[in-house]
Each structure stands twice: as structure tokens, then as C-alpha cells.
Undergrad: 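Just passing along the structure, written as C-alpha cells.
These values consider heavy atoms only, across backbone and side chains, with no hydrogens, waters or symmetry-generated copies. In what follows, residues are counted from 1 in the order of the sequence shown.
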Amino acid sequence: MAERKLEPEVIEILGLIEKGNHFLLSGGAGSGKTYSLVHVIKEVLAQNPSATVACMTYTNAAVKEIEKRVGHPNLRVSTIHDFLWEVMAKFQKELKLQLITLINDPDSAITVNGAPVQPDYFDQLENGIAYKEWTRIANGEISHDEVLELANVMFKNYPLLSAILKDKYKFIFIDEYQDTSPLVVNLLLNHLQNSNKKNIIGFFGDAMQAIYPDGVGDLKTYLDNGIVTEVQKAQNRRNPMAVITLANRLRTDGLQQGPSDDENAPNMAGGHIKPGSVKFYYSDQFNLESIHGELNWDFKDATVTKELYLTHNLIAPKAGFGELMAIYDKDPIIALKTDVYLKIKKAEKEGKPIEGITEEMTFDQVVDIIQPKNRQRELKKDLLMASNSELYALLSDKPWSEVRKIYLDKDGLIDDKKQDALEESKKGSKRDHLIKHLFKIQDTIHFYDKGEYREFLRRSNYKIKTNKDKTKLKAAIEKLKTATDKTIDEVIELADKEGICRKDDKLEFFISTHEYLWERVKQVHYGQFQMLYKYLEGYTPFSTQHKIKGAEFEQVLVVLDNGNWSDYNFEYLFTNRTDKASVLERTQKIFYVCCTRAKEQLAIYYIAPTTDILKTAELWFGKENLKAID
């Protein structure tokens, strides 16, 4: 009786487990992959009462949800970083040795002020190597960025670790596998084979939703060589029929979804799947007010309606962090520097190097050589000096050898990869260490406000011994929450002084090596960052198309605007530019993720489409669902 209640995919997986096979459950958006994961865990524990199951996921919210739904003492649910650290933490001698090896490896990102260290460097540490929410390598304190790299070399070089892991966990399941670092997959499917002991590795996810470049993406190599066996889950429990039909057009892996056979699924009504709607709107110029008026949705309710963009530039002024975005994305002095640098490089490439320029010259001297003063025309430098003299003064006397290396990128501010308090996929992030530190401050406040005091104490290392300490802590949190008009510099110092978020190696190193950017950002009001945090945590109707993965809303508006980002091109999507295969693939995946967020209504908005684009839109959406907006 119990077996008949199980999904056929779960039954198939249990058969693979019985044969000792590693497996992959591939399910499209809204298929209920977590539901299947929970039932696989329950059945495995029922059939193997003495076994311990490890389930690795990315968010603390997912950890708690799975623990709640399974409710078994033999289940260990954690983030990947916590799981790996738990296995390694006792092997301090080996950890110190491998960490020193990585520090001295020029190809490793782990460093102590860029200098090599001696073999006894960590011998004097009282508590050994420790995993923290901050990084102070000199003190033996590592964080997320270092754990995966260190784990990979530890499991590679010490087969005993693999044996210990297999003895402890007969089953290891990975949720959202496509976002997992290749280092983790390599560890699980290659390094663990250093031990002859047996265990089962199970992956759950969707390669079509692999939109983060630092994730493994898919397991094709392991599927092709038979190390992993795939089980496909074709049902869709989230989207109405109109969205499912569109999503099936976009998939490239052969998986085609259909309605669930569960009459109680969210996308069912009266025993039938909801029809839903998909509309395609277009105009010659961007006109957000008109599209809002046409849709007549409640764009103020972020829990019901989402408005998705590929880039943040259109969002920033609306969401309240326009000044920070302008620093990272439109700095006029750095634009001048880039112009000068490119002119020098072009002259060198053409075999006509510009005479008189040396690395020791100041930036101002180099600018004068590249753009000599001329009465007949107004110069870029002169224009800049008129409105940005203070900014120019920050760099004018610096050596050209230093200034030419300065590079600002909005990803340093707002990179969409999983970086918030509840998400752990931090390897390879482009977000800089100043912004990461500000996120730590706001994350810590978040946990205190939510009453998650254990997590707050773990992240802050705040010491509470008396009621007086509690009162002092509450006052410190209030100071930070109401620090809207304080500068970012003042808030960082306040958080450090109050013990809420300590300054660490990475922040100090960033400040010392990014003086110009620090001088600009530190003067911005902290309220700007609070608005950025609010935006990225989903408390506004706006979102980028990367950030939205995993969420669902009644109504979704997808604005198709490349934003001058060469990694994506929506024209390629609608014209099938197979000569640009990598760009087309990335664009297909991000569009698939966006469209499959809609539970009721989906609207696509395209600016200045070509005739070919409109032909494809008519094919995909139906002529009756296309409409031009004035």
C-alpha cells in the first residue's frame, strides 16, 4: 500500500539505490523536486533504520524546511560548507599543512598579504584552523571562499577522510545540484572513490536552470560514462498550461513537462489545469508606464507581482540605490582613465607608441600628453574638471602605474549570485569585499530582528553573559538600523566597535588596495545600502532575472533588455542564432527561469523588436497575444 502512494520517479530512484547506483533526478521548474527529495529521504530511512543520511542544500531556509518535513534523528541537513567543514575540522594538523600549501600556491586565491609562509606558520594557534563568517587567514580563520578549495585538496590527499565520510553517511543527497561548485562534484564523484567503502550519492535539480557561471551546470560527463543514472520528472505543479507550453519550447534537453496528475496541485482547479495567460507586448521605445497601465496589476505588492530585468541600471533609481550604482557603473574619472589607457594600447598595437609616457608619471601628466590642451576644441579632461574636480583630484597625483589598474564593475556592487544571509554559493562571486562586509552587517541585524539568536551569535561572535549585555546589544542594533543618514564608513566603524560585525582581513586589504573606490563609497549614506539590501532580498517589486530563481508569483512581467551585456542577447533567442551558441544557451536558460516563475499570468515586454523577432513571437505566443504599446 505504501509503495503505491509513492511517485513513480521515487520508486525508480529506490530501485537504483538498491542496485548501488548514484543517481540524478532531473525535474523542470515547478515539478516538485524538493517533494521528491523528501520522500526519497523518508523511504531510505525507513528501509535503512541504522543509516545516517546527509542532505546538502544552499539555504538555511531550505535546511529548516527539509528537517521539518522529514523529522528524523538520523537525517543531517546542512549547507555544503557546513557539511564539509564538519568532516574536516578534527584534522587540524592536516588542515594547517594543506592551508599553508594553498597560501604558497600562486594559483590559489588564498593568501596572507600576498607573501609565502613557513611550514610552522599556524603552530602557535590556540584553537587551530576555524571556520567563521569572516576571514583572518593570519589567525587561522577561514570563511566560505576558502572551505571548498581546502576541502577539495583535503579529500584528494587524505583517503582516510573519504572512508570516514562514507562510514558516517551511507547516503548523501544534493539539492539544486546544478549550482554546486565543480569542486564539490569532483570531491563526491572522484575523490570519494579513494575509499573502497560504499555509499550512494544522489543529485536533485535542473540543468535548464543552471544560470550561475560558477556552478557545475550539468552532470553530462558523469551520465555519459555511467557513474550517475538519470531519472526525469516531467510533471509541473506550478505553472498554468500556457506557461508550460512556452517552457517546453525553450527546453533543450528533451524533458517535456505536462500537468500533474494530482488534482490538488497548485496549478489545478476543478480537476483541470489552469489555462493561465502569456502575452507579448512591444514598443519602439521603453515605456514602463504604458505597460503597467495595460496590465493593470498591483505592482506595489512584491509577494504577488514581480517585474524582471536582466540588468540593474533601470532598477537602481526606482529602488533607491542610484548613487551607489553610479559609482560602480558610471564613474567619470575611471571612464577617462579607460579612454587614456585604450589610446595608449592602440598606439602600441599599431607600432606607433606615444612618446614621453612612463609608469612613474602621474595620472594628470599622462592625461595631458594623451589629450594636450587645444584652443580649438573643448577637451574631455576640461569637461570633467568643471563638474568632477574633487574626484579628479583623488587620482591626479597618483602614479600612472597604479591608476591604470583601477577597474570598476557593477558586479562588484550587485552581483546576483547567491550572496545573501540565507544562501551559501559564494565561490567565484564578483561582489567586492567592501559590499560583502556591508551585507554581513545587514545580515546580522536581520537574524537579530527575526529572533534567530543562535545564528546571530554565530555570525557576530557577540558575547552575552549578563542582562546588561543584552540591553547593550539591543541598543547597538537600534543604532545600526536607524543609521540611514550616517556614512557607510561610520556604520562600518560602529558595527565593529559594538561587536556586531568585526572588520576582517578581506575588508582591510580591500581598503588598502582600492583607495579610490573606498574614498567614494565611504561617503555615501548607509541608507543607500539599506535600500540595495532590501531590493536584493526581494522586498520590492523589482528583481533581476538571475535573482528570481526558485521563487514564484501570481503575475510576472519580463522586460527583455540586454542592457549592453554581451553574455546575453534576446534577439539571438528569438532568431535562433546558433553561430553564437554559448550566448544563445545562456539566454535560453535565463528566459526559461523567468517565464516559469508565473503561477497565473505572464507578460513579456520587448523594446524595438525586428520583423523576425515578431514572427517568432507570433509562433510562440499566438497572434492574438501580441500587442504593440504606444
Undergrad: Do Thr575 and Thr616 have side chains that approach each other closer than 4.5 Å (heavy atoms only, starting at C-beta)?
TA: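 No, side chains not in contact.
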
Undergrad: For the residue pair Glu43 and His39, establish whether any side-chain heavy-atom pair is separated by less than 4.5 Å.
TA: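 Not in contact.
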
Undergrad: What do you reckon, is CG of Asp284 surrounded by more than 12 foreign heavy atoms closer than 6.0 Å?
TA: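 Atom CG in Asp284 is not packed in, count stays at 12 or less.
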
Undergrad: Just how far is it from atom CG of Asn74 to atom OG1 of Thr52, taken to the nearest 0.5 Å?
TA: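 It is 4.5 Å, given to the nearest 0.5 Å.
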
Undergrad: Give a yes or no on whether a salt bridge exists between Lys450 and Glu455, defined as a side-chain N under 4.0 angstrom from a carboxylate O.
TA: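 No.
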
Undergrad: Are any non-hydrogen side-chain atoms of Ile604 and Cys595 less than 4.5 angstrom apart?
TA: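 Result yes, sub-4.5 Å side-chain heavy-atom pair found.
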
Undergrad: Tell me if the CD atom of Glu263 is crowded by more than 12 foreign heavy atoms within 6.0 Å.
TA: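 Atom CD in Glu263 is not crowded, with 12 or fewer foreign heavy atoms closer than 6.0 Å.
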
Undergrad: Do we get Arg431 above Phe439's six-membered ring, with its NZ or CZ under 6.0 Å from the centre and within 45° of the axis?
TA: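 The answer is yes; both the distance and angle limits are met.
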
Undergrad: Measuring only between side-chain heavy atoms, which start at C-beta, is Leu573 closer than 4.5 Å to Tyr568?
TA: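 Counting from C-beta outward, Leu573 and Tyr568 never come under 4.5 Å.
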
Undergrad: Restricting to non-hydrogen atoms, name the atom on Asn236 and the atom on Ala29 that form the minimum distance, rounded to 0.1 Å.
TA: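 Heavy-atom minimum between the residues: ND2-O, 3.1 Å.
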
Undergrad: Using a strict 4.0 Å threshold on nitrogen-to-oxygen distance, state whether Arg577 and Glu571 make a salt bridge.
TA: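 Here Arg577 does not pair with Glu571 in a salt bridge, since their nearest N and O are not under 4.0 Å apart.
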
Undergrad: Any donor-acceptor pair under 3.5 Å linking the side chain of Lys233 with the backbone of Gly32?
TA: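 Yes: the side chain of Lys233 pairs with the backbone of Gly32.
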
Undergrad: Could you measure the distance from the CD atom of Glu9 to the OG atom of Ser31? Nearest 0.5 Å is fine.
TA: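 Glu9 CD to Ser31 OG: 8.5 Å, rounded to 0.5 Å.
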
Undergrad: What heavy-atom pair brings Thr596 and Val593 nearest, and what distance separates the two atoms?
TA: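 In this case the closest contact between Thr596 and Val593 is OG1-O, 3.2 Å.
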
Undergrad: Would you indicate whether the side-chain heavy atoms of Val556 and Phe553 approach each other to under 4.5 Å?
TA: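 Yes, their side chains come closer than 4.5 Å.
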
Undergrad: Please find the pair of heavy atoms, one from Gly205 and one from Gln178, that lie closest to each other, and give the distance.
TA: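 That closest heavy-atom pairing would be CA-OE1, 3.4 Å.
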
Undergrad: So, Arg597 and Glu552, do they make that salt bridge, N to O below 4.0 Å?
TA: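 Here Arg597 does not pair with Glu552 in a salt bridge, since their nearest N and O are not under 4.0 Å apart.
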
Undergrad: Can you tell me if Glu624 has over 12 outside heavy atoms packed within less than 6.0 Å of its CD?
TA: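 Atom CD in Glu624 is packed in, count exceeds 12.
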
Undergrad: With a 3.5 Å cut-off and no angle check, do the side chains of Glu67 and His72 form a donor-acceptor pair?
TA: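 Checked: Glu67/His72 side chains show no N/O donor-acceptor pair below 3.5 Å.
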
Undergrad: On the 0 to 90° scale, with breaks at 30° and 60°, tag the Tyr448-Tyr453 ring pair as parallel, tilted or perpendicular.
TA: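 Taking Tyr453 first and then Tyr448, their aromatic rings stand perpendicular (interplane angle over 60°).
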
Undergrad: Just how far is it from atom CD1 of Ile445 to atom NZ of Lys440, taken to the nearest 0.5 Å?
TA: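 It is 14.5 Å, given to the nearest 0.5 Å.
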
Undergrad: Output the distance between atom CG (Asn190) and atom CD1 (Ile227), rounded to the nearest 0.5 Å.
TA: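 Asn190 CG to Ile227 CD1: 6.0 Å, rounded to 0.5 Å.
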
Undergrad: For residues Met268 and Asp262, report the shortest heavy-atom separation together with the two atoms involved.
TA: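 Smallest interatomic distance, heavy atoms only, reads CG-O, 3.4 Å.
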
Undergrad: Side-chain donor-acceptor pair under 3.5 Å between Ser26 and Gln232, yes or no?
TA: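 No, no side-chain donor-acceptor contact under 3.5 Å.
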
Undergrad: Give a yes or no on whether a salt bridge exists between Lys220 and Asp224, defined as a side-chain N under 4.0 angstrom from a carboxylate O.
TA: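 Answer for the salt bridge query: yes.
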
Undergrad: Is Asp175 salt-bridged to Lys33, cutoff N-O under 4.0 Å?
TA: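 No, no charged N to carboxylate O under 4.0 Å.
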
Undergrad: Measuring from Glu176:CD to Ile80:CD1, what's the distance to the nearest 0.5 Å?
TA: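 Between atom CD of Glu176 and atom CD1 of Ile80 there are 10.5 Å.
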
Undergrad: To the closest 0.5 Å, what do you measure between NE2 (His22) and CZ (Phe203)?
TA: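 Spacing of NE2 (His22) from CZ (Phe203) equals 8.0 Å.
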
Undergrad: Report yes or no: is the cationic atom of Arg586 (NZ for Lys, CZ for Arg) under 6.0 Å from the centre of the six-membered ring of Phe591, at an angle within 45° of the ring normal?
TA: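 No, a cation-pi geometry is absent between Arg586 and Phe591.
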
Undergrad: Just wondering, do Asp329 and Leu413 contact through their side chains at under 4.5 Å, heavy atoms?
TA: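 Leu413 does not reach Asp329 side chain to side chain.
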
Undergrad: Is there any ring pair (Phe, Tyr, Trp, His ring centres under 6.0 Å) pair reaching into residues 238-277, and which pairs are they, with sequence neighbours excluded?
TA: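 Listed once each, the pairs would be none.
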
Undergrad: Any heavy-atom pair between the side chains of Asp567 and Val583 that's under 4.5 Å?
TA: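 A side-chain contact under 4.5 Å is absent here.
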
Undergrad: Any heavy-atom pair between the side chains of Leu187 and Leu84 that's under 4.5 Å?
TA: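 Heavy-atom side-chain distance check passes, below 4.5 Å.
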
Undergrad: Stepwise, does the side-chain contact (heavy atoms from CB on, under 4.5 Å) test hold for Val185 with Tyr222?
TA: CA-CA 10 Å; Val185 175; Tyr222 300 99; 3.6 Å; yes

Undergrad: Below 6.0 angstrom between ring centroids: does that apply to Tyr605 and Phe280?
TA: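 Ring-ring flag for Tyr605/Phe280: false, centres at least 6.0 Å apart.
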
Undergrad: Between Leu246 and Phe621, does the side-chain contact (heavy atoms from CB on, under 4.5 Å) criterion hold? Intermediate values first, please.
TA: CA-CA 8 Å; Leu246 173 62; Phe621 308 114; 3.7 Å; yes

Undergrad: Below 6.0 angstrom between ring centroids: does that apply to Phe321 and Tyr533?
TA: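 Here the rings of Tyr533 and Phe321 have centres that are no less than 6.0 Å from each other.
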
Undergrad: Whether Arg251 and Asp206 form a salt bridge (side-chain N of Lys/Arg under 4.0 Å from carboxylate O of Asp/Glu) is what I want to check.
TA: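 Yes.
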
Undergrad: Should we count NZ of Lys534 as having more than 12 external heavy atoms under 6.0 Å?
TA: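 Incorrect, the count does not exceed 12.
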
Undergrad: For Phe83 and Ser78, work out which heavy atoms get closest and say how close.
TA: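 It is CB-OG, 3.3 Å.
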
Undergrad: Between Ile629 and Ser283, which heavy-atom pair has the shortest distance, and what is it?
TA: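 Closest pair (atom of Ile629, atom of Ser283, distance): O-CB, 3.2 Å.
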
Undergrad: Using a strict cut-off of less than 4.0 Å between a Lys/Arg side-chain nitrogen and an Asp/Glu carboxylate oxygen, indicate whether Lys300 and Asp298 qualify as a salt bridge.
TA: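 Salt bridge between Lys300 and Asp298, a charged N being under 4.0 Å from a carboxylate O: no.
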
